[in-house]
Each structure stands twice: as C-alpha cells, then as structure tokens.
There are 2 protein chains.
Amino acid sequence: MTEQIPDKPDGDKTFVRLDDVDRKILSLLQQDASLSLDQIADRVGASKTPVWNRIRKLREAGVIRRQVAILDPEALGLEACFFVLIRTSEHDKEWAARFLRALRERPEVVEAHRLAGDIDYILKVQVRNARAYDRFYQSLIGEVKIHNVTALLSMEEIKASSALPIAEASG
Amino acid sequence: MTEQIPDKPDGDKTFVRLDDVDRKILSLLQQDASLSLDQIADRVGASKTPVWNRIRKLREAGVIRRQVAILDPEALGLEACFFVLIRTSEHDKEWAARFLRALRERPEVVEAHRLAGDIDYILKVQVRNARAYDRFYQSLIGEVKIHNVTALLSMEEIKASSALPIAEASG
DNA sequence: GTTGAAAGGATGGACCT
DNA sequence: AGGTCCATCCTTTCAAC
C-alpha cells in the first residue's frame with residue numbers, strides 16, 4: 001500500500017465497472033489503508049496478484065483518490081468546529097471565482113459546497129476557538145461581499161466517518 | 001507507515017506537546033500517508049529513527065487516529081450529497097440515545113454533529129440520488145420522532161480536505 | 001541522532017489453470 | 001480472466017553505537 005498517483009486530473013470518466021471483489025477491497029481500504037496486500041487478499045478470498053492489479057486500476061481510474069492519516073482535531077488544539085451557511089446576492093462569475101479562491105486558500109475551511117436552494121453555500125470551518133472563528137469571519141467578509149451568514153457551532157461530533165457507503169449491488 | 005493502533009479508547013488525555021517537527025510530520029502525513037519514512041525524514045530535515053519514534057508516539061497518543069483511503073464518491077455512484085438540519089422537540093436522554101444509534105447504524109450518514117442554538121443537529125448524508133435520500137429520510141423519521149428537517153442539496157463540492165489546519169506556533 | 005542489519009512487504013515477471 | 005512461484009527492491013523496525 002505505498003505510492004501515490006501523482007496528480008490525477010480525472011481525465012478518464014470512463015465509467016469504472018466495479019464488481020463485488022472491487023467493492024470489498026475499497027471497503028477495507030477506506031477503513032484501514034494500512035492493511036497489507038496479504039491481509040486484503042486473505043479477507044476478500046483471492047490471492048495477491050489479482051488484488052494488487054485491481055488496486056492499481058482503482059488508483060489509476062481515480063476511484064481511490066489518495067491515502068491520508070486522519071488526525072484528532074482536539075489533540076491539535078482545534079476545539080471549535082463551525083458549519084457556516086452563506087447567502088449571497090452576487091451571482092456573477094467574477095464574484096464566484098474570488099469567493100472560491102478565498103475559500104481554497106484558507107486552511108481552516110475544511111469543506112465547502114455550493115448548494116441548491118435559498119442558502120448558497122455551506123462551509124465547515126475548524127478552528128482553535130470562537131475568537132479564531134471570528135478572525136476567519138472578519139477576514140472572509142473583508143475579502144468578498146456576502147449577503148448573509150449563519151454560523152452553527154458544533155457541541156459534539158457524533159459521527160465522523162471518512163468511509164463512504166459502498167452499495168452491495170452493482171448498477 | 002503500516003500498522004494501525006488497535007482501538008485506542010482515548011484513555012490518555014495527557015495533553016500531548018507537539019513541537020515544530022511533530023507538526024511538520026503530521027502535516028505531511030495528513031496530506032499523503034503513503035510517504036515512506038525516508039521521504040518524511042528528508043522533508044522534515046531529520047533522520048529516520050527519530051522520525052519513526054515520533055510517529056509511533058503520535059499514534060499511541062491518538063493524535064494520529066487512523067490511516068485510510070479516500071475514495072471518489074461519484075465513481076461509486078454516490079452522486080447526491082445532502083446536509084440535513086434537524087430540530088427536535090424531545091430532549092430526554094432516551095430519545096437522544098435512540099437517535100444516536102439510528103445515525104450510527106446508517107452508513108449513508110457520513111458525519112453528524114450536535115449543535116448549539118436553535119438547530120439541534122446537522123448531518124451529512126451521501127447517497128446515490130434524491131430517491132435514495134428520501135428512503136433514508138422516511139426511514140429515519142419512522143424510527144425516531146423529529147420535529148423539523150431541512151435538507152440542503154449540494155450542487156458542487158468546492159473543497160473537501162481531510163487535512164486539518166495545523167498551527168505553526170505552539171500554545 | 002546516526003548507522004546499519006534483519007525481517008517483512010511491495011512490485012512485477014514468468015508461467016500455469 | 002485468476003493462481004502460484006519467484007526475484008528484486010524498498011520499507012519498516014529495532015538493536016547498538
């Protein structure tokens with residue numbers, strides 16, 4: 001389980017057909033990427049070579065994006081997590097580009113989505129404390145015009161899974 | 001970069017003191033856990049053994065929780081992502097326990113937080129399509145009583161980082 | 001912190017079924 | 001396609017300095 005694919009620009013949207021063995025492999029790897037090839041082969045009931053070839057293909061196809069270490073936010077002193085609901089009045093391209101760049105260059109923005117409906121964006125922001133959030137907020141609205149912001153403070157992380165639900169049946 | 005810590009029940013909230021080398025190591029690993037010890041040692045400007053000892057301690061202390069593969073949701077046919085805002089009227093312990101269990105046992109709930117303020121919970125739900133979301137929704141409200149639900153549909157994932165912002169300066 | 005050695009895993013080739 | 005065997009290289013792991 002080594003080597004990363006160097007910047008796959010998702011060129012091939014050749015729809016990858018996954019069979020049950022692929023899904024089993026993915027399911028294992030998204031829960032624990034430190035498993036050895038032997039262990040994986042064992043658990044999916046196949047032997048090393050085919051499993052290794054499948055993993056390689058899944059990486060090349062971009063199904064497996066990358067392999068990362070998941071850290072404990074609190075151990076890093078990041079005890080405050082906010083979900084930020086954003087409404088904007090601007091909808092032109094230039095504004096969107098600036099807003100996007102502002103989000104991408106701020107590491108405390110851990111996640112960002114453009115939404116359908118009357119709320120335009122949602123952010124997940126991970127910071128040290130409320131004061132740090134305020135600094136982030138002031139800095140953001142100083143950089144791009146935003147109509148309305150609602151911040152939801154997380155009191156407790158009930159569930160945080162990096163694992164996606166992998167369906168049993170194929171399409 | 002192998003071996004997982006087997007179920008660390010976060011016993012030691014002995015606050016881990018991290019120095020700059022620790023932070024550099026964590027920063028690298030949370031972006032690419034497939035780096036070899038040699039590469040990490042190289043980039044932090046130290047040699048293998050001390051780096052290896054630090055990583056071991058960071059794992060044992062629970063700063064590094066686990067090591068996972070990040071998959072592409074769309075490649076798995078999970079094209080719909082919803083943020084779900086939940087208000088409840090119930091606030092007793094029993095209700096909360098049931099609600100919690102309901103969330104934990106549903107794999108499509110990828111993330112869940114209890115909030116401060118008038119919205120009580122936020123969920124992130126990853127599913128195949130709107131119909132699958134509706135099935136999830138019906139099933140959830142059939143299992144636990146919920147006062148009010150608002151679903152926000154993601155049109156575009158602008159940013160999705162599993163990497164936390166690691167501060168440069170210590171406390 | 002450094003060196004180096006031993007054990008084990010990853011990668012890929014050759015050749016089967 | 002998958003399976004087995006094998007060879008080589010690379011890492012991890014840890015002992016000794």
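Model, not experiment: these values are computed from the prediction. The chains referred to below are lettered A, B, ... by the order of the sequence lines, with proteins before strands, and numbering in each begins at 1. Just so you know, these numbers use all the heavy atoms, side chains as well, and skip hydrogens, waters and symmetry mates.
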Fill in the blank from the handout: Taken to the nearest whole Å, CG/A/D38 to C1'/C/dG9 is 8 Å
Fill in the blank from the handout: Across all chains, not counting sequence neighbours, the side chain to side chain contact (heavy atoms under 4.5 Å, CB included) partners of B/E94 are B/D92
Exercise for the section: Let me know the distance between CH2 of B/W52 and P of C/dT3, rounded to the nearest Å. Expected result: 18 Å
N/O-N/O pairs, protein side and nucleotides 3-10 of chain D side, under 3.5 Å:
unit_1: D/dG3; atom_1: OP2; unit_2: A/S47; atom_2: N; d: 3.3
unit_1: D/dG3; atom_1: OP2; unit_2: A/S47; atom_2: OG; d: 3.4
unit_1: D/dT4; atom_1: O4; unit_2: A/T49; atom_2: OG1; d: 3.4

Problem - Distance (rounded to the nearest 0.5 Å) between A/E156 CD and A/C81 SG - result: 12.5 Å
Problem - Closest to the A/R56 side chain, choosing from C/dT11, C/dG12, D/dT12 - result: C/dG12
Practice task
Find the distance A/K57:NZ to D/dG2:P and express it as a whole number of Å.
Solution key: 7 Å
Handout entry: A/Q39 CD - C/dG9 P separation (whole Å)
Key = 8 Å
Exercise for the section: Using side chain to side chain contact (heavy atoms under 4.5 Å, CB included) as the criterion, list what pairs up with B/A116, not counting sequence neighbours. Expected result: A/L153, A/M155
Fill in the blank from the handout: For B/A132 and B/R128 the tightest heavy-atom approach is CB-N, 4.0 Å
Exercise for the section: Using whole Å, report how far CG of A/D20 lies from C1' of D/dA1. Expected result: 16 Å
Practice task
Go through the structure and list residues passing ring pair (Phe, Tyr, Trp, His ring centres under 6.0 Å) with B/F82, not counting sequence neighbours.
Solution key: B/Y133
Problem - Nearest-angstrom distance from the residue atom CG of A/L29 to C1' of C/dA10 - result: 14 Å
Problem - Interatomic distance, B/E60 CD vs D/dT13 P [rounded to whole Å] - result: 12 Å
Exercise for the section: Report the residues that fulfil salt bridge (Lys or Arg N to Asp or Glu O under 4.0 Å) with A/R106, sequence neighbours left out, ordered by chain and then residue number. Expected result: A/E143
Problem - Rounded distance in Å - CG (B/L37) to P (D/dT12) - result: 5 Å
Handout entry: For A/Q39, all residues meeting side chain to side chain contact (heavy atoms under 4.5 Å, CB included), sequence neighbours excluded
Key = A/L35, A/S36, A/R43
Problem - Partner residues of B/F99 under the ring pair (Phe, Tyr, Trp, His ring centres under 6.0 Å) criterion, sequence neighbours left out - result: B/W95, B/Y121
Problem - N or O in side chain of A/R54 less than 4.0 angstrom from D/dG2 OP1/OP2 - result: yes
Problem - Under the side chain to side chain contact (heavy atoms under 4.5 Å, CB included) test, residues paired with B/E157 that sit two or more places apart - result: A/R65, A/H113, B/A160
Completion exercise
Terminal axes of the helix from C/dG1-D/dC17 to C/dT17-D/dA1 (5 end pairs apiece), angle rounded to 10 degrees, sit apart by 20°
